[in-house]
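Hydrogens, waters and symmetry mates are skipped; everything else that's a heavy atom, side chains included, is used. Nothing here was measured: the structure is a model prediction, and the numbers come from that model. Throughout, protein chains are lettered first and strands after them, A, B, ... in sequence-line order, and every chain is numbered starting at 1.
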Amino acid sequence: MFGLDYSWLGDPVYQRWLVDGVWVTLQLALVSSLAAVAIGLVGALGQTLRLWWLDACIELFVEIFRNTPPLLQMLFFYFTLTQIGFTVTDPVTGLQHPLLSAFVSAAISLSLFGGALCIEAFRSGLDAVPKATLEAARSLGYTRLGLFRRVQAPIAARVCLPSLTNILTNLFKTTSQASVITVPELMYAAGQVYSDTFRTLEMMLMVLLVYVTLVSLLAWALTLAERLLAYPGYGKGF
Amino acid sequence: MTARNQSLIELDGIRKSFGGNEVLKGISLNVAKGEAVCIIGPSGSGKSTILRCINGLIPIDEGFVRVGKHRVHEIRHERGMRPLRRQVAMVFQQYNLFPHRTALENVMMAPVQVLKHDPGEVRERAIALMAKVRLAGKESSYPGELSGGQQQRVAIARALAMQPEIILFDEVTAALDPETVKDVLTTIRELVEEGMTCLLVTHEMRFAREVADRVCFTDHGLIVESAPPAALFDTPQDPRTREFLSQVL
Ligand SMILES: Nc1ncnc2c1ncn2[C@@H]1O[C@H](COP(=O)(O)OP(=O)(O)OP(=O)(O)O)[C@@H](O)[C@H]1O
Ligand SMILES: [Mg+2]
């Protein structure tokens with residue numbers, strides 16, 4: 001059909017490469033998404049303490065990791081750290097290895113990048129809860145912690161879910177950049193396959209389809225969560 | 001002895017500035033148990049600020065605030081405010097309901113989560129209160145599904161669920177349209193008649209005249225004049241009171 005040749009897909013070796021690639025992509029996305037959300041929570045919570053030095057640290061973190069390309073961060077963690085001496089020596093072979101494996105480097109940089117975005121998103125969610133609503137909670141005897149847990153966080157969570165959906169879907173797609181530092185994820189596996197088969201167009205179409213499917217599933221799940229949590233009169237509530 | 005006199009609420013010489021702007025310039029006011037006191041006055045004269053000082057939402061710069069046995073100005077931590085907040089409930093102009101919880105949950109939340117009362121017992125109390133404010137049947141509606149007047153009555157039920165001794169009302173009808181104002185005022189009037197101690201900031205002069213034991217007129221951070229409603233409305237002594245009343249009546 002359209003002169004596309006997918007006969008190579010029957011080869012169990014290529015199948016293995018691609019399935020493994022998808023699996024690594026999923027792992028990388030899952031690990032960095034969870035870590036990003038955790039960093040976001042810690043950062044946004046840290047800022048509610050109103051300690052100037054902590055605020056300054058968080059601000060610096062956000063500026064650095066939000067405003068640099070994740071690819072650059074991956075290269076930094078994988079290559080630059082090695083070049084400036086962060087290596088481990090294999091006790092058996094005596095060879096020098098990078099301190100951080102390619103996967104770990106990618107996971108760290110994606111977590112930090114996503115984390116910086118999450119801090120911003122969660123912070124704006126917390127800020128979006130009206131002062132008057134918090135004052136009402138205080139007048140009912142809620143302490144700061146109770147107020148945060150029972151009123152501010154539940155409202156803020158609903159406010160930031162749409163931006164969280166954006167961040168996580170973007171993060172998922174950004175995992176493909178890990179192929180540059182040889183993480184054997186989907187993009188890397190695809191490259192391996194087409195450099196063997198020279199069926200670049202076919203491979204790219206397929207990779208495209210896989211990403212569309214996976215990212216759509218993720219976005220759909222998050223939108224569903226948004227719907228379930230919505231309350232009438234606001235956002236997706238009616 | 002914490003109390004200087006017999007009243008339930010005692011304010012003496014309260015001063016409060018926001019930045020360089022002195023908003024309260026020495027407010028003194030006593031409210032006895034069971035009394036209904038209305039505060040009237042021009043916008044920006046510090047009426048809301050007075051109420052917020054009474055339940056400790058904002059700290060004062062100078063002066064003495066006592067509610068029952070609590071010396072509010074001496075409480076330093078939010079946790080220490082708890083017994084006070086239990087005794088003094090507040091109803092706001094913009095209702096300030098919790099939008100992510102149903103009407104009944106709004107009423108039940110604080111008694112269960114803050115006072116640790118038994119949920120089953122609170123539930124019964126909350127349902128009875130919803131009926132009292134004439135909202136039986138609206139228990140499972142979210143605030144976003146209720147009209148302004150209904151939301152405000154939920155807010156009153158939420159305040160009552162804390163079983164307070166005092167309720168502070170801050171212009172609770174100002175955001176409502178005329179028909180719904182009546183429902184809310186009826187609810188408040190019933191509370192006053194039942195002997196609840198109420199301090200009400202209001203622009204409803206007719207209502208103030210009807211329900212208040214005493215009316216205070218504030219201007220530029222001072223209580224200019226304080227008298228029973230008939231006296232204050234019919235024979236105001238201070239020229240500022242006269243001018244204000246001539247504008248609003
Ligand atoms: N948190 C705050 N920070 C700074 N200024 C404030 C704050 N709260 C009140 N003010 C100022 O204090 C003054 C009195 O405010 P307040 O809300 O007590 O007036 P009010 O008498 O209730 O007026 P209104 O009838 O419009 O509600 C106003 O000039 C207001 O700008
Ligand atoms: Mg006000």
Side-chain angles (χ1 to χ4, degrees), chain A residues 41 44-45 47-51 121-165 222-238, chain B residues 48 51-52 54-58 77-103 105-116 140-147 151 154-155 158-164 166-168 170 175:
Chain A
L41 288 176
L45 283 182
Q47 286 188 321
T48 63
L49 297 179
R50 309 214 179 289
L51 303 169
F122 295 168
R123 169 165 54 192
S124 62
L126 289 173
D127 286 347
V129 180
K131 291 278 169 294
T133 307
L134 300 179
E135 196 171 56
R138 287 176 63 210
S139 80
L140 287 165
Y142 282 95
T143 51
R144 212 151 95 166
L145 190 66
L147 174 153
F148 181 82
R149 188 154 82 99
R150 308 294 195 169
V151 179
Q152 195 175 13
I155 297 175
R158 289 157 166 92
V159 175
C160 26
L161 255 177
S163 19
L164 186 65
T165 304
L222 287 165
T223 311
L224 185 70
E226 225 176 284
R227 238 187 227 116
L228 290 177
L229 286 173
Y231 43 83
Y234 303 83
K236 283 209 165 47
F238 38 85
Chain B
S48 302
L51 294 194
R52 281 168 170 72
I54 293 175
N55 69 347
L57 285 179
I58 51 177
H77 292 287
E78 201 69 6
R79 191 169 289 278
M81 292 285 182
R82 254 189 189 180
L84 168 75
R85 302 267 165 81
R86 202 235 142 124
Q87 198 176 4
V88 185
M90 189 162 186
V91 184
F92 302 85
Q93 179 173 341
Q94 296 295 341
Y95 339 126
N96 301 350
L97 293 178
F98 305 127
H100 60 302
R101 291 280 169 240
T102 64
E105 287 169 341
N106 264 275
V107 179
M108 290 178 61
M109 271 169 79
V112 172
Q113 294 168 356
V114 176
L115 304 178
K116 312 285 180 213
S140 49
S141 302
Y142 282 85
E145 298 171 317
L146 296 173
S147 74
Q151 289 189 57
V154 174
R158 178 175 73 175
L160 288 171
M162 297 295 281
Q163 301 177 315
I166 301 161
I167 306 187
L168 310 174
D170 191 359

Could you tell me which of Met90(B), Arg79(B), His77(B) has the largest number of non-hydrogen atom pairs under 4.5 Å with chain A? Arg79(B)
Is it the backbone or the side chain of Arg149(A) that comes under 4.5 Å from a heavy atom of chain B, or both, or neither? neither
For residues 91-101 of chain B, which side-chain donor-acceptor pairs fall under 3.5 Å, sequence neighbours excluded?
| from | atom 1 | to | atom 2 | distance (Å) |
| --- | --- | --- | --- | --- |
| Asn96(B) | ND2 | Ala132(A) | O | 3.2 |
| His100(B) | NE2 | Arg150(A) | O | 3.1 |

Tell me, side chain or backbone of Met81(B) under 4.5 Å from chain A's heavy atoms, or both, or neither? neither
Does CZ belonging to Arg144(A) count more than 12 external heavy atoms closer than 6.0 Å? no
Below 4.5 Å, heavy-atom pairs only: which of Ala137(A), Pro130(A), Gly141(A) has the largest tally toward chain B? Gly141(A)
Short side-chain to backbone donor-acceptor contact, Arg85(B) and Tyr142(A), under 3.5 Å: no
Just jot down the side-chain contact (heavy atoms from CB on, under 4.5 Å) partners of Ala153(A), sequence neighbours excluded, or say none. Phe148(A)
